[in-house]
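Okay, so here's the structure we're looking at.
One-based numbering, in listed order, for ligands and for the atoms of each.
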Amino acid sequence: MSYVDEVYDRVVKQNPGEGEFHQAVKEVLDSLRIVIDANEAKYRKAALLERLVEPERIISFRVPWVDDNGQVRVNKGFRVQFNSAIGPYKGGLRLHPSVNQGILKFLGFEQTFKNSLTGLPIGGGKGGSDFDPKGKSDREVMAFCQSFMTELSKYIGADQDVPAGDIGVGAREIGYLYGQYKRMTGLYEGVLTGKGLTYGGSLVRTQATGYGLIYILDEMLRHNGRELEGKSVVISGSGNVAIYASEKAIQLGAKVVALSDSTGYIYDKNGIRLEIVKEIKEVRRGRIKEYADEVPSAVYTEGKGIWNIPCDIALPCATQNELNLEDAKALKANGCFAVAEGANMPSTREATDFFLENGMMFMPGKAANAGGVATSALEMSQNSLRLSWTFEEVDKKLHDIMVGIYEKSAKAAKRYGVKGNYVAGANIAGFEKVVEAMMAQGIV
Ligand code: NDP
Ligand code: 2IT
């Protein structure tokens, strides 16, 4: 049996019930076969893959807090410190009822390669809780965040592990988490990113994942003889990534016609009016349905189905496995020619294979959404320097990093004879740096 298959079988056996983690490992290992087969003896002897798929450490803890009725509630808290070969653990915190250890392991594993691709010195980590922020008061969210950080603060630090936002964690949550970290440790340090601008945050971090997604999409289109201007775009989700992907796409002359949330989707043939979406989502914390109540040209449809809307470009920006084979076929049949993933692993394996086998341009999440964490690393740099860069400076660095990720992924794919396969290219380029650092650091 090949080394890759052996290690994959072992992952399935040793990590029962963690489907998303198995899926992420399989996707990465499958596209690394060419590299691993060429170095099999060396990697086997060093148990390189066995080490790569095992998190360095998982911290799991109880999060008790008191709700507005005086009732004590208990959630599960986690931090997966996956790989520190190239820098301190870095990655977001997710607050969503679906969160479990397997999902955080898939995210931490992906994060390791993504962070490597950015070219910046950051390892891979992810954390979160099954706490559901929806419908909670600010005080309840603060109570939860303070309890979560009381425990987490023992395991993180500016040179050790630097969490940030992800689903359900934005500026409000980062603020509460930061305040509690400072109170627990007495340290005013860049231990979290996505901070507010008055206490060490970086300009552009809010926009970074969405902007970065459009920068790399634009690069991919131009290298394949296409352009973004005038194209129709369907974007799933209506959170941080979806909103700022929409903003940059519109700035560059595309027309965004649809957005969604977990309840349904809106279609606006005239192009989405983003200021209304921002008011609903960022100010009111409302539902995307409200857009159709305010904009006569928009139609709201309950449930799934956003991928049946005809478009040139599709950008899944909500959550894992939100786009399956049937959706991929519908996109192709309706004329879609490019897909870039703002979310982490939003396309199922079958959908990804369909895109690759049917000549569609496809940029996988670990390359396409790396602009968020890259800008987080720029926030860390500014904190260390005790300086703040301007919007234009950070935006230019972000743009250059995304172009760099495109080039690394395209070149690695070409080098291994799979030109245009950015899945293989991103996995190989991300892997090479992590492996070199791991091998150099001995058996750890
Ligand atoms: P937000 O919490 O801001 O928004 C999430 C959006 O996705 C909401 O519209 C939400 O709808 C929808 N969504 C979440 N879970 C589900 C679900 N199970 N089914 C359907 N829709 C769902 O999160 P972000 O925008 O920050 O994150 C979106 C994706 O981007 C995630 O995969 C995240 O890991 C990834 N990402 C985020 C980065 C960042 O910097 N924030 C960086 C790189 C990747 P509803 O409100 O109804 O729950
Ligand atoms: O998935 C991701 O890359 C993020 N949620 C951002 C992580 C970060 O540390 O900024």
Side-chain angles (χ1 to χ4, degrees), residues 20 87-99 103-104 106-115 117-118 120 122-128 132-135 156 161-174 190-195 201-202 204-213 235-246 259-266 277 280-282 285-289 303-304 306 315-323 340-347 364-380 398:
E20 292 86 358
Y89 309 107
K90 181 83 197 86
L93 295 172
R94 177 176 291 191
L95 298 184
H96 193 273
S98 64
V99 164
I103 287 180
L104 296 178
F106 121 63
L107 289 163
F109 182 72
E110 286 283 295
Q111 196 83 44
T112 301
F113 301 100
K114 182 197 302 190
N115 293 3
L117 275 176
T118 65
L120 300 167
I122 39 178
K126 202 84 188 189
D132 186 358
K134 273 203 202 83
I156 62 175
D161 183 354
V162 183
D166 193 77
I167 292 176
V169 175
R172 173 182 63 174
E173 291 74 21
I174 294 293
V191 67
L192 291 164
T193 58
K195 299 184 292 296
S202 173
V204 195
R205 178 61 190 88
T206 304
Q207 297 84 352
T209 310
Y211 279 21
L213 172 66
I235 302 183
S236 65
S238 49
N240 174 268
V241 181
I243 287 177
Y244 292 95
S246 302
L259 286 172
S260 65
D261 59 22
S262 58
T263 333
Y265 61 94
I266 49 161
V277 175
I280 294 167
K281 287 288 171 182
E282 295 184 335
R285 295 181 186 273
R287 308 301 301 162
I288 201 66
K289 178 179 191 296
K304 294 185 189 303
I306 191 170
L315 306 176
C317 295
T319 194
Q320 65 274 359
N321 292 328
E322 55 161 312
L323 195 168
E341 297 184 323
N344 286 303
M345 205 169 74
S347 312
K366 68 171 71 63
N369 69 42
V373 75
T375 307
S376 280
L378 300 177
E379 181 171 330
M380 291 164 70
L398 167 63

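Among the atoms of Asp261, none of the N or O lies under 3.5 angstrom from an N or O of ligand 1. Taking any N or O of Arg287, backbone or side chain, at least one lies under 3.5 Å from an N or O belonging to ligand 1. Some N or O of Lys134 is nearer than 3.5 Å to an N or O of ligand 1, by distance alone. For ligand 1, none of its N or O atoms has an N or O atom of Lys281 under 3.5 Å away. Not a single N or O atom of Ala242, backbone or side chain, sits closer than 3.5 Å to an N or O atom of ligand 1. Of the N or O atoms in Gly165, one or more lie within a sub-3.5 Å distance of an N or O in ligand 2. Taking any N or O of Lys114, backbone or side chain, none lies under 3.5 Å from an N or O belonging to ligand 1.
If you check which protein heavy atom lies closest to atom 45 (P) of ligand 1, you get Ser262 OG, 3.5 Å. Nearest protein neighbour of atom 13 (N) of ligand 1, counting heavy atoms only, is Ala318 CB, 4.1 Å. What sits closest to atom 2 (O) of ligand 1 on the protein, heavy atoms only, is Gly168 N, 2.9 Å. Closest protein heavy atom to atom 4 (O) of ligand 1: Gly239 CA, 3.3 Å. Considering only non-hydrogen protein atoms, atom 3 (O) of ligand 1 sits nearest to Asn240 N, 2.9 Å. Here the protein heavy atom with the shortest distance to atom 9 (O) of ligand 2 is Lys90 NZ, 2.7 Å.
For Thr118 against Ala374, the heavy-atom pair with the smallest separation is CG2-CB, 3.9 Å. Here the closest non-hydrogen pair linking Asp161 and Pro88 is N-CB, 4.3 Å. In plain terms, the two heavy atoms of Thr193 and Ile174 that are nearest each other are O-CD1, 3.7 Å.
The line from CD1 of Ile306 to OG of Ser260 is 4.0 Å long, rounded to the nearest 0.5 Å. The line from OG1 of Thr112 to NZ of Lys126 is 11.0 Å long, rounded to the nearest 0.5 Å. The line from CZ of Arg287 to CD1 of Ile266 is 12.0 Å long, rounded to the nearest 0.5 Å. Between atom OG1 of residue Thr319 and atom CD1 of residue Ile167 there is a gap of 4.0 Å, rounded to the nearest 0.5 Å. Asp261 CG to Ile288 CD1: the interatomic distance, rounded to the nearest 0.5 Å, is 6.0 Å.
Under a 4.0 angstrom heavy-atom cut-off, Gly342 registers as being in contact with ligand 1.
Residue-ligand proximity, Ser376 to ligand 2, at heavy-atom distances under 4.0 Å covers atoms 8 (C), 9 (O), 10 (O). Those atoms of ligand 2 that come under 4.0 Å of a heavy atom in Gly91, given as number and element, are 7 (C), 9 (O). The ligand atoms of ligand 1 that sit less than 4.0 angstrom from a heavy atom of Asn369 are 43 (C), 44 (C). Every atom of ligand 2 with a heavy atom of Lys126 under 4.0 Å away is listed here by number and element: 1 (O), 2 (C), 4 (C), 5 (N). Each of the atoms 29 (C), 30 (O), 32 (O), 35 (C) of ligand 1 lies under 4.0 Å from some heavy atom of Ala343. Of all the atoms in ligand 2, the ones that sit under 4.0 Å from a non-hydrogen atom of Gly92 are 7 (C). Heavy-atom contacts of Ala164 reach the following atoms of ligand 2: 8 (C), 9 (O), 10 (O) (cutoff under 4.0 Å).
Of the candidates Arg205, Met380, Lys114, Arg205 brings a heavy atom nearest to atom 6 (C) of ligand 2. Summarising the contacts of atom 19 (N) of ligand 1 with Leu259, Ile167, Thr375, Thr319, the nearest heavy atom is found in Thr319. Atom 33 (C) of ligand 1 has its nearest heavy-atom neighbour, among Asp166, Leu213, Val241, in Asp166.
The main-chain N or O of Gly286 is found under 3.5 Å from a side-chain atom of Lys281 such that the two form a donor-acceptor pair. For Asn240 (side chain) and Thr206 (main-chain N/O), a donor-acceptor pair under 3.5 Å exists by modelled atom type.
Using a 4.0 Å cut-off between heavy atoms, Thr375 makes no contact with ligand 2 at all. With a 4.0 Å cut-off on non-hydrogen atoms, Cys317 touches ligand 1 through its backbone and not its side chain. At a heavy-atom distance under 4.0 Å, only side-chain atoms of His96, from C-beta outward, approach ligand 1. Proximity of Glu379 to ligand 2, defined as any heavy-atom pair under 4.0 Å, is not found for any part of the residue. With a 4.0 Å heavy-atom cut-off, ligand 1 is reached by the side chain of Arg94 but not by its N, CA, C or O. Looking at Thr209 against ligand 1, only its side chain comes within 4.0 Å, counting heavy atoms. With a 4.0 Å cut-off on non-hydrogen atoms, Arg205 touches ligand 1 through its side chain and not its backbone.
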Apply side-chain contact (heavy atoms from CB on, under 4.5 Å) to Leu107 and Glu110, showing your working.
CA-CA 5 Å; Leu107 289 163; Glu110 286 283 295; 5.8 Å; no

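Protein heavy atoms all stay at least 4.0 Å away from atom 10 (C) of ligand 1.
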